[in-house]
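Below, chains carry the letters A, B, ... as their sequence lines are ordered, and counting in each starts from 1.
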2 protein chains.
Amino acid sequence: MARQKNEQIRTAIMEAAQQLFMEKGYIATTISSIARAAGTSQSNVYVYFSSKFEIAFAVFDPWLRARVAELEKRVMAQETPEESLRSLIDGLLHGIAADRSGQTLTLVQALATAKPGDEYNPELLIWTMSRIHHMIGGALPSSDPTERNALTHSLMLAFDGIALRQNLRRGEIEDGLSVDALYMMVQALVERRSQARS
Amino acid sequence: MARQKNEQIRTAIMEAAQQLFMEKGYIATTISSIARAAGTSQSNVYVYFSSKFEIAFAVFDPWLRARVAELEKRVMAQETPEESLRSLIDGLLHGIAADRSGQTLTLVQALATAKPGDEYNPELLIWTMSRIHHMIGGALPSSDPTERNALTHSLMLAFDGIALRQNLRRGEIEDGLSVDALYMMVQALVERRSQARS
DNA sequence: ACTCTTTAACGAACGTCATTCGTTAATGCG
DNA sequence: CGCATTAACGAATGACGTTCGTTAAAGAGT
(Lines give C-alpha, C1' and ligand atoms only; values in the text may rest on other atoms or scores of the structure.)
Protein backbone atom coordinates (compact mmCIF):
# COMPACT_ATOMS: atom_id res chain seq x y z
CA MET A 1 0.00 0.00 0.00
CA ALA A 2 2.99 2.27 0.31
CA ARG A 3 6.68 2.45 0.07
CA GLN A 4 8.53 0.14 2.46
CA LYS A 5 11.27 0.92 4.90
CA ASN A 6 14.63 -0.52 3.98
CA GLU A 7 15.85 -2.61 6.90
CA GLN A 8 19.41 -2.28 5.66
CA ILE A 9 19.22 1.43 6.34
CA ARG A 10 17.95 0.82 9.85
CA THR A 11 20.84 -1.47 10.66
CA ALA A 12 23.30 0.87 8.96
CA ILE A 13 22.10 3.67 11.22
CA MET A 14 22.47 1.50 14.31
CA GLU A 15 25.93 0.33 13.33
CA ALA A 16 27.10 3.83 12.53
CA ALA A 17 25.66 5.06 15.80
CA GLN A 18 27.33 2.31 17.81
CA GLN A 19 30.68 3.07 16.22
CA LEU A 20 30.40 6.81 16.77
CA PHE A 21 29.07 6.51 20.31
CA MET A 22 32.07 4.31 21.11
CA GLU A 23 34.49 6.80 19.64
CA LYS A 24 33.06 10.08 20.87
CA GLY A 25 30.30 9.33 23.36
CA TYR A 26 26.62 10.05 23.03
CA ILE A 27 26.63 13.79 23.40
CA ALA A 28 29.48 14.51 21.02
CA THR A 29 27.92 12.30 18.34
CA THR A 30 25.59 14.26 16.09
CA ILE A 31 22.63 12.93 14.15
CA SER A 32 24.16 14.28 10.99
CA SER A 33 27.40 12.38 11.60
CA ILE A 34 25.41 9.19 12.16
CA ALA A 35 23.46 9.82 8.96
CA ARG A 36 26.63 10.53 7.02
CA ALA A 37 28.30 7.34 8.25
CA ALA A 38 25.15 5.36 7.49
CA GLY A 39 24.93 6.81 3.99
CA THR A 40 21.66 8.65 4.34
CA SER A 41 20.36 12.08 5.25
CA GLN A 42 19.85 13.33 8.77
CA SER A 43 16.15 13.84 8.25
CA ASN A 44 15.75 10.29 7.05
CA VAL A 45 17.12 9.02 10.35
CA TYR A 46 13.85 10.21 11.86
CA VAL A 47 11.91 7.87 9.62
CA TYR A 48 13.55 4.97 11.43
CA PHE A 49 13.99 6.38 14.92
CA SER A 50 11.93 8.99 16.67
CA SER A 51 14.83 10.53 18.56
CA LYS A 52 18.53 10.33 19.29
CA PHE A 53 17.63 8.85 22.67
CA GLU A 54 15.81 5.99 20.98
CA ILE A 55 18.85 5.22 18.84
CA ALA A 56 21.02 5.02 21.94
CA PHE A 57 18.74 2.45 23.52
CA ALA A 58 18.33 0.47 20.34
CA VAL A 59 22.13 0.09 20.40
CA PHE A 60 22.61 -0.39 24.13
CA ASP A 61 19.89 -2.97 24.75
CA PRO A 62 21.28 -5.87 22.68
CA TRP A 63 24.82 -5.00 23.74
CA LEU A 64 23.97 -5.31 27.44
CA ARG A 65 21.97 -8.51 26.94
CA ALA A 66 24.89 -10.12 25.13
CA ARG A 67 27.37 -9.11 27.84
CA VAL A 68 25.14 -10.39 30.63
CA ALA A 69 24.56 -13.68 28.80
CA GLU A 70 28.33 -14.12 28.38
CA LEU A 71 28.83 -13.34 32.02
CA GLU A 72 26.23 -15.87 33.07
CA LYS A 73 27.98 -18.61 31.11
CA ARG A 74 31.28 -17.78 32.75
CA VAL A 75 29.84 -17.59 36.25
CA MET A 76 27.96 -20.85 35.91
CA ALA A 77 31.14 -22.60 34.77
CA GLN A 78 32.97 -21.86 38.03
CA GLU A 79 33.40 -24.67 40.50
CA THR A 80 33.22 -23.09 43.94
CA PRO A 81 30.81 -20.49 45.31
CA GLU A 82 33.76 -18.18 45.97
CA GLU A 83 34.91 -18.38 42.37
CA SER A 84 31.38 -17.85 41.11
CA LEU A 85 30.86 -14.75 43.21
CA ARG A 86 34.27 -13.37 42.35
CA SER A 87 33.71 -13.81 38.63
CA LEU A 88 30.21 -12.35 38.92
CA ILE A 89 31.38 -9.23 40.72
CA ASP A 90 34.42 -8.82 38.55
CA GLY A 91 32.62 -9.42 35.28
CA LEU A 92 29.72 -7.20 36.16
CA LEU A 93 31.74 -4.27 37.45
CA HIS A 94 35.04 -4.39 35.59
CA GLY A 95 33.76 -6.09 32.47
CA ILE A 96 30.43 -4.42 31.90
CA ALA A 97 29.89 -1.34 34.06
CA ALA A 98 33.43 -0.08 33.51
CA ASP A 99 33.67 -1.27 29.94
CA ARG A 100 36.23 0.39 27.74
CA SER A 101 34.13 0.47 24.63
CA GLY A 102 32.11 3.42 25.82
CA GLN A 103 28.71 1.75 25.88
CA THR A 104 27.96 2.71 29.44
CA LEU A 105 29.15 6.23 28.73
CA THR A 106 26.46 6.31 26.07
CA LEU A 107 23.89 5.01 28.52
CA VAL A 108 24.76 7.48 31.24
CA GLN A 109 24.89 10.44 28.88
CA ALA A 110 21.65 9.46 27.20
CA LEU A 111 19.87 9.14 30.54
CA ALA A 112 21.35 12.34 31.89
CA THR A 113 20.24 14.38 28.89
CA ALA A 114 16.87 12.66 28.42
CA LYS A 115 14.03 15.02 27.72
CA PRO A 116 10.55 14.57 29.21
CA GLY A 117 9.33 12.56 26.24
CA ASP A 118 12.34 10.26 26.26
CA GLU A 119 11.48 7.05 28.03
CA TYR A 120 12.98 3.63 27.88
CA ASN A 121 11.64 0.21 28.47
CA PRO A 122 12.34 -0.83 32.08
CA GLU A 123 12.20 -4.44 30.92
CA LEU A 124 15.94 -4.41 30.25
CA LEU A 125 16.68 -3.38 33.82
CA ILE A 126 14.29 -5.97 35.23
CA TRP A 127 15.78 -8.69 33.05
CA THR A 128 19.33 -7.78 34.11
CA MET A 129 18.39 -7.90 37.77
CA SER A 130 16.71 -11.24 37.37
CA ARG A 131 19.81 -12.70 35.69
CA ILE A 132 22.00 -11.48 38.54
CA HIS A 133 19.59 -12.88 41.06
CA HIS A 134 19.72 -16.19 39.25
CA MET A 135 23.52 -16.22 39.21
CA ILE A 136 23.64 -15.56 42.93
CA GLY A 137 21.22 -18.41 43.45
CA GLY A 138 23.53 -20.65 41.46
CA ALA A 139 26.56 -19.64 43.47
CA LEU A 140 24.86 -19.85 46.86
CA PRO A 141 22.11 -22.44 46.51
CA SER A 142 21.34 -22.55 50.20
CA SER A 143 21.13 -18.77 50.71
CA ASP A 144 17.88 -17.38 51.96
CA PRO A 145 15.79 -15.00 49.82
CA THR A 146 16.56 -11.96 51.94
CA GLU A 147 20.27 -12.36 51.47
CA ARG A 148 19.90 -13.09 47.80
CA ASN A 149 17.88 -9.96 47.29
CA ALA A 150 20.32 -7.93 49.32
CA LEU A 151 23.20 -9.14 47.20
CA THR A 152 21.31 -8.47 43.98
CA HIS A 153 20.47 -4.94 45.01
CA SER A 154 23.97 -4.23 46.21
CA LEU A 155 25.42 -5.41 42.92
CA MET A 156 23.00 -3.31 40.88
CA LEU A 157 23.83 -0.32 43.03
CA ALA A 158 27.53 -0.91 42.51
CA PHE A 159 26.93 -1.31 38.80
CA ASP A 160 25.33 2.12 38.63
CA GLY A 161 28.06 3.59 40.80
CA ILE A 162 30.84 2.28 38.57
CA ALA A 163 28.99 3.34 35.44
CA LEU A 164 28.69 6.89 36.72
CA ARG A 165 32.25 7.04 37.91
CA GLN A 166 33.92 5.40 34.94
CA ASN A 167 32.38 7.94 32.66
CA LEU A 168 32.01 11.08 34.66
CA ARG A 169 34.81 11.08 37.18
CA ARG A 170 37.47 9.55 35.03
CA GLY A 171 40.24 8.04 37.03
CA GLU A 172 39.69 9.94 40.21
CA ILE A 173 38.93 6.84 42.19
CA GLU A 174 40.59 3.51 41.51
CA ASP A 175 37.76 1.22 40.54
CA GLY A 176 39.81 -1.79 41.49
CA LEU A 177 39.66 -0.69 45.11
CA SER A 178 35.88 -0.42 44.96
CA VAL A 179 35.50 -3.85 43.42
CA ASP A 180 37.79 -5.41 46.02
CA ALA A 181 35.90 -3.61 48.76
CA LEU A 182 32.60 -4.94 47.54
CA TYR A 183 33.98 -8.44 47.26
CA MET A 184 35.26 -8.26 50.80
CA MET A 185 31.78 -7.37 52.03
CA VAL A 186 30.15 -10.13 50.05
CA GLN A 187 32.63 -12.58 51.53
CA ALA A 188 31.73 -11.37 55.00
CA LEU A 189 28.06 -11.99 54.31
CA VAL A 190 28.79 -15.49 53.04
CA GLU A 191 31.11 -16.34 55.91
CA ARG A 192 28.70 -15.10 58.53
CA ARG A 193 26.11 -17.43 57.08
CA SER A 194 28.36 -20.46 57.16
CA GLN A 195 29.49 -19.63 60.70
CA ALA A 196 25.90 -19.29 61.81
CA ARG A 197 25.15 -22.76 60.47
CA SER A 198 28.09 -24.50 62.07
CA MET B 1 42.91 50.76 38.15
CA ALA B 2 39.62 49.65 36.67
CA ARG B 3 36.01 49.05 37.31
CA GLN B 4 35.33 46.48 40.04
CA LYS B 5 33.11 43.42 39.97
CA ASN B 6 30.03 43.70 42.10
CA GLU B 7 29.99 40.75 44.48
CA GLN B 8 26.26 41.15 44.93
CA ILE B 9 25.81 40.21 41.31
CA ARG B 10 27.97 37.13 41.72
CA THR B 11 25.90 35.90 44.64
CA ALA B 12 22.67 36.81 42.87
CA ILE B 13 23.76 34.63 39.94
CA MET B 14 24.58 31.75 42.25
CA GLU B 15 21.32 32.02 44.15
CA ALA B 16 19.29 32.24 40.98
CA ALA B 17 21.15 29.27 39.55
CA GLN B 18 20.63 27.20 42.68
CA GLN B 19 16.93 27.91 42.66
CA LEU B 20 16.50 27.13 38.98
CA PHE B 21 18.67 24.00 39.10
CA MET B 22 16.49 22.76 41.95
CA GLU B 23 13.31 23.43 40.02
CA LYS B 24 14.26 22.26 36.57
CA GLY B 25 17.63 20.54 36.76
CA TYR B 26 20.88 21.62 35.18
CA ILE B 27 20.14 20.93 31.55
CA ALA B 28 16.72 22.54 31.44
CA THR B 29 18.05 25.67 33.15
CA THR B 30 19.33 28.20 30.63
CA ILE B 31 21.94 30.84 31.18
CA SER B 32 19.46 33.46 30.09
CA SER B 33 16.93 32.34 32.71
CA ILE B 34 19.65 32.50 35.36
CA ALA B 35 20.62 35.98 34.18
CA ARG B 36 16.99 37.12 34.16
CA ALA B 37 16.39 35.82 37.68
CA ALA B 38 19.63 37.43 38.87
CA GLY B 39 18.69 40.75 37.29
CA THR B 40 21.48 40.98 34.77
CA SER B 41 22.21 40.09 31.18
CA GLN B 42 23.26 36.67 29.96
CA SER B 43 26.52 37.95 28.61
CA ASN B 44 27.38 39.53 31.93
CA VAL B 45 27.13 36.14 33.58
CA TYR B 46 30.33 35.29 31.73
CA VAL B 47 32.14 38.09 33.48
CA TYR B 48 31.63 36.22 36.74
CA PHE B 49 31.74 32.60 35.59
CA SER B 50 33.53 31.15 32.63
CA SER B 51 30.90 28.52 31.86
CA LYS B 52 27.60 27.00 32.92
CA PHE B 53 29.57 24.05 34.27
CA GLU B 54 31.51 26.33 36.58
CA ILE B 55 28.30 27.80 37.95
CA ALA B 56 27.01 24.33 38.75
CA PHE B 57 30.10 23.52 40.77
CA ALA B 58 30.16 26.86 42.50
CA VAL B 59 26.66 26.01 43.73
CA PHE B 60 27.18 22.32 44.43
CA ASP B 61 30.46 22.52 46.33
CA PRO B 62 29.29 24.47 49.39
CA TRP B 63 26.00 22.59 49.39
CA LEU B 64 27.73 19.22 49.63
CA ARG B 65 30.21 20.41 52.25
CA ALA B 66 27.37 21.66 54.42
CA ARG B 67 25.42 18.40 54.10
CA VAL B 68 28.47 16.29 54.94
CA ALA B 69 29.29 18.48 57.93
CA GLU B 70 25.71 18.11 59.20
CA LEU B 71 25.93 14.38 58.71
CA GLU B 72 29.18 14.16 60.60
CA LYS B 73 27.65 15.92 63.59
CA ARG B 74 24.72 13.52 63.61
CA VAL B 75 26.86 10.42 63.22
CA MET B 76 29.27 11.43 65.94
CA ALA B 77 26.37 12.00 68.33
CA GLN B 78 25.23 8.37 68.15
CA GLU B 79 26.00 6.11 71.06
CA THR B 80 26.66 2.66 69.61
CA PRO B 81 28.71 1.65 66.57
CA GLU B 82 25.55 0.16 65.03
CA GLU B 83 23.66 3.42 65.37
CA SER B 84 26.60 5.38 63.99
CA LEU B 85 26.91 3.18 60.93
CA ARG B 86 23.17 3.15 60.33
CA SER B 87 22.94 6.93 60.51
CA LEU B 88 26.00 7.29 58.29
CA ILE B 89 24.64 5.02 55.58
CA ASP B 90 21.16 6.42 55.82
CA GLY B 91 22.24 10.04 55.87
CA LEU B 92 24.71 9.64 53.06
CA LEU B 93 22.46 7.69 50.74
CA HIS B 94 18.93 8.78 51.57
CA GLY B 95 19.78 12.22 52.82
CA ILE B 96 22.45 13.39 50.39
CA ALA B 97 22.77 11.15 47.34
CA ALA B 98 19.03 10.79 46.93
CA ASP B 99 18.23 14.32 48.01
CA ARG B 100 14.95 15.76 46.93
CA SER B 101 16.20 19.22 46.26
CA GLY B 102 17.75 18.25 42.96
CA GLN B 103 21.35 19.09 43.80
CA THR B 104 22.68 15.71 42.82
CA LEU B 105 20.65 15.83 39.63
CA THR B 106 22.55 19.00 38.87
CA LEU B 107 25.84 17.30 39.62
CA VAL B 108 25.14 14.26 37.49
CA GLN B 109 23.81 16.26 34.57
CA ALA B 110 26.70 18.69 34.73
CA LEU B 111 29.23 15.87 34.76
CA ALA B 112 27.47 13.96 32.01
CA THR B 113 27.38 16.95 29.68
CA ALA B 114 30.82 18.29 30.58
CA LYS B 115 32.85 19.41 27.61
CA PRO B 116 36.59 18.78 27.28
CA GLY B 117 37.50 22.09 28.88
CA ASP B 118 35.12 21.62 31.80
CA GLU B 119 37.03 20.35 34.78
CA TYR B 120 36.30 20.44 38.44
CA ASN B 121 38.44 20.46 41.49
CA PRO B 122 38.86 16.89 42.76
CA GLU B 123 39.51 18.33 46.19
CA LEU B 124 35.79 18.16 46.99
CA LEU B 125 35.70 14.42 46.28
CA ILE B 126 38.84 13.79 48.31
CA TRP B 127 37.52 15.82 51.20
CA THR B 128 34.21 13.95 51.17
CA MET B 129 35.97 10.59 51.21
CA SER B 130 38.20 11.65 54.05
CA ARG B 131 35.18 12.74 56.10
CA ILE B 132 33.50 9.38 55.53
CA HIS B 133 36.69 7.58 56.43
CA HIS B 134 36.85 9.60 59.61
CA MET B 135 33.24 8.82 60.51
CA ILE B 136 33.86 5.11 60.03
CA GLY B 137 36.90 5.37 62.27
CA GLY B 138 34.72 7.01 64.89
CA ALA B 139 32.10 4.29 64.70
CA LEU B 140 34.56 1.39 64.64
CA PRO B 141 37.64 2.56 66.49
CA SER B 142 39.23 -0.87 66.55
CA SER B 143 38.75 -1.65 62.84
CA ASP B 144 41.81 -2.26 60.75
CA PRO B 145 42.79 0.08 57.90
CA THR B 146 41.90 -2.40 55.17
CA GLU B 147 38.36 -2.73 56.42
CA ARG B 148 38.00 0.97 56.92
CA ASN B 149 39.13 1.65 53.39
CA ALA B 150 36.84 -1.03 52.04
CA LEU B 151 33.88 0.50 53.81
CA THR B 152 34.77 3.98 52.63
CA HIS B 153 35.05 2.87 49.03
CA SER B 154 31.85 0.88 49.19
CA LEU B 155 29.96 3.85 50.57
CA MET B 156 31.32 6.18 47.90
CA LEU B 157 30.39 3.65 45.26
CA ALA B 158 26.89 3.40 46.67
CA PHE B 159 26.68 7.18 46.78
CA ASP B 160 27.42 7.39 43.09
CA GLY B 161 25.00 4.56 42.37
CA ILE B 162 22.15 6.21 44.20
CA ALA B 163 22.94 9.57 42.64
CA LEU B 164 22.74 8.09 39.17
CA ARG B 165 19.61 6.14 39.89
CA GLN B 166 17.70 8.79 41.79
CA ASN B 167 18.04 11.14 38.93
CA LEU B 168 18.18 9.04 35.82
CA ARG B 169 16.14 5.97 36.54
CA ARG B 170 13.44 7.56 38.58
CA GLY B 171 11.56 5.12 40.71
CA GLU B 172 12.47 2.00 38.86
CA ILE B 173 14.33 0.51 41.78
CA GLU B 174 13.33 1.11 45.37
CA ASP B 175 16.29 2.87 46.89
CA GLY B 176 15.22 1.77 50.33
CA LEU B 177 15.97 -1.82 49.39
CA SER B 178 19.45 -0.89 48.23
CA VAL B 179 20.21 1.00 51.41
CA ASP B 180 18.97 -1.87 53.55
CA ALA B 181 21.02 -4.30 51.48
CA LEU B 182 24.16 -2.26 51.95
CA TYR B 183 23.54 -1.99 55.67
CA MET B 184 23.12 -5.74 55.91
CA MET B 185 26.49 -6.25 54.29
CA VAL B 186 28.18 -3.72 56.53
CA GLN B 187 26.71 -5.49 59.52
CA ALA B 188 28.11 -8.76 58.25
CA LEU B 189 31.55 -7.24 57.99
CA VAL B 190 31.33 -5.87 61.52
CA GLU B 191 30.01 -9.11 62.96
CA ARG B 192 32.63 -11.22 61.28
CA ARG B 193 35.24 -9.03 62.86
CA SER B 194 33.83 -9.37 66.36
CA GLN B 195 33.40 -13.11 65.90
CA ALA B 196 36.98 -13.44 64.73
CA ARG B 197 38.19 -11.65 67.85
CA SER B 198 36.23 -13.77 70.30
C1' DA C 1 39.39 68.54 37.64
C1' DC C 2 41.00 66.05 33.65
C1' DT C 3 42.71 62.43 31.06
C1' DC C 4 43.84 57.44 30.44
C1' DT C 5 43.22 52.78 31.01
C1' DT C 6 40.84 48.92 32.42
C1' DT C 7 36.85 46.26 32.29
C1' DA C 8 31.76 45.55 33.84
C1' DA C 9 27.73 45.56 31.35
C1' DC C 10 24.80 44.72 27.51
C1' DG C 11 22.48 43.70 23.10
C1' DA C 12 23.35 41.45 19.09
C1' DA C 13 25.52 37.97 16.76
C1' DC C 14 27.50 33.14 15.99
C1' DG C 15 27.84 28.28 15.74
C1' DT C 16 26.04 23.96 16.84
C1' DC C 17 22.42 20.67 17.33
C1' DA C 18 18.16 18.03 17.46
C1' DT C 19 14.04 18.12 15.26
C1' DT C 20 10.39 19.48 11.85
C1' DC C 21 8.65 21.06 7.26
C1' DG C 22 7.70 21.09 2.37
C1' DT C 23 8.40 18.68 -1.54
C1' DT C 24 9.56 14.92 -4.55
C1' DA C 25 9.39 10.47 -6.16
C1' DA C 26 9.32 5.32 -5.21
C1' DT C 27 6.26 1.60 -4.51
C1' DG C 28 2.52 -1.36 -3.51
C1' DC C 29 -2.74 -1.74 -4.30
C1' DG C 30 -7.25 -1.58 -6.58
C1' DC D 1 -2.85 2.71 -15.16
C1' DG D 2 -3.86 6.00 -11.72
C1' DC D 3 -4.01 6.67 -6.52
C1' DA D 4 -2.67 6.79 -1.96
C1' DT D 5 1.03 6.21 1.04
C1' DT D 6 5.35 7.35 2.73
C1' DA D 7 10.68 6.96 2.30
C1' DA D 8 13.95 10.25 1.26
C1' DC D 9 16.02 14.68 1.22
C1' DG D 10 17.43 19.60 1.52
C1' DA D 11 16.16 23.45 3.80
C1' DA D 12 14.21 25.57 7.65
C1' DT D 13 13.33 26.24 12.81
C1' DG D 14 14.13 26.92 17.42
C1' DA D 15 17.17 26.44 21.49
C1' DC D 16 21.04 27.32 23.75
C1' DG D 17 25.90 28.19 25.25
C1' DT D 18 29.25 31.25 24.20
C1' DT D 19 31.65 35.25 21.92
C1' DC D 20 31.87 39.96 19.83
C1' DG D 21 31.64 44.94 19.46
C1' DT D 22 30.54 48.80 21.82
C1' DT D 23 29.53 51.78 25.66
C1' DA D 24 30.38 53.80 29.83
C1' DA D 25 31.54 53.32 34.87
C1' DA D 26 35.32 54.02 37.91
C1' DG D 27 39.93 53.83 39.86
C1' DA D 28 44.97 55.68 39.04
C1' DG D 29 48.10 59.20 37.73
C1' DT D 30 48.96 64.07 36.95
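- Ring pair Phe57(B)/Phe53(B) is tilted by interplanar angle, where 30° to 60° counts as tilted.
- For the pair Asn44(A) CG and dC21(C) P, the interatomic distance rounds to 16 Å; values are reported in whole Å.
- Nearer the 5' end of DNA chain C, as judged by each residue's closest nucleotide, is the contact made by Ala2(B), out of Ser41(B) and Ala2(B).
- Under the salt bridge (charged side-chain N to carboxylate O under 4.0 Å, His left out) criterion, the residue pairs touching residues 87-112 of chain B are Arg86(B)-Asp90(B), with sequence neighbours excluded.
- Atom CD1 of Ile31(B) is separated from atom CD1 of Ile55(B) by 4.0 Å, given to the nearest 0.5 angstrom.
- Where DNA chain D meets chain A (any atom under 4.0 Å from a heavy atom), the bounding nucleotides read 5' to 3' are dT5(D) to dG10(D).
- No donor-acceptor contact under 3.5 angstrom links the side chains of Gln19(B) and Glu15(B), judged on distance only.
- Within 6.0 Å of atom CD in Gln8(A), 12 or fewer heavy atoms from other residues, nucleotides or ligands are found, so the atom counts as exposed in its surroundings.
- Under the 4.0 Å criterion applied to side-chain N and carboxylate O atoms, Lys73(A) and Glu70(A) are not assigned as salt-bridge partners.
- Contact annotation: side chain of Arg3(B) to base of dA8(C), donor-acceptor pair present below 3.5 Å.
- No side-chain donor-acceptor contact under 3.5 Å links Glu147(A) and Ser143(A).
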All N/O contacts under 3.5 Å from nucleotides 17-19 of chain C to the protein, with atom names and distances to one decimal?
unit_1: dA18(C); atom_1: OP1; unit_2: Thr29(A); atom_2: O; d: 3.2
unit_1: dA18(C); atom_1: OP1; unit_2: Lys52(A); atom_2: NZ; d: 2.6
unit_1: dA18(C); atom_1: OP2; unit_2: Ile31(A); atom_2: N; d: 2.7
unit_1: dT19(C); atom_1: OP1; unit_2: Lys115(A); atom_2: NZ; d: 3.1
unit_1: dT19(C); atom_1: OP2; unit_2: Tyr46(A); atom_2: OH; d: 2.6
unit_1: dT19(C); atom_1: OP2; unit_2: Lys52(A); atom_2: N; d: 3.0
unit_1: dT19(C); atom_1: O5'; unit_2: Tyr46(A); atom_2: OH; d: 3.3

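- Counting only heavy atoms from C-beta outward, the side chains of Phe159(A) and Arg165(B) never approach each other to under 4.5 Å.
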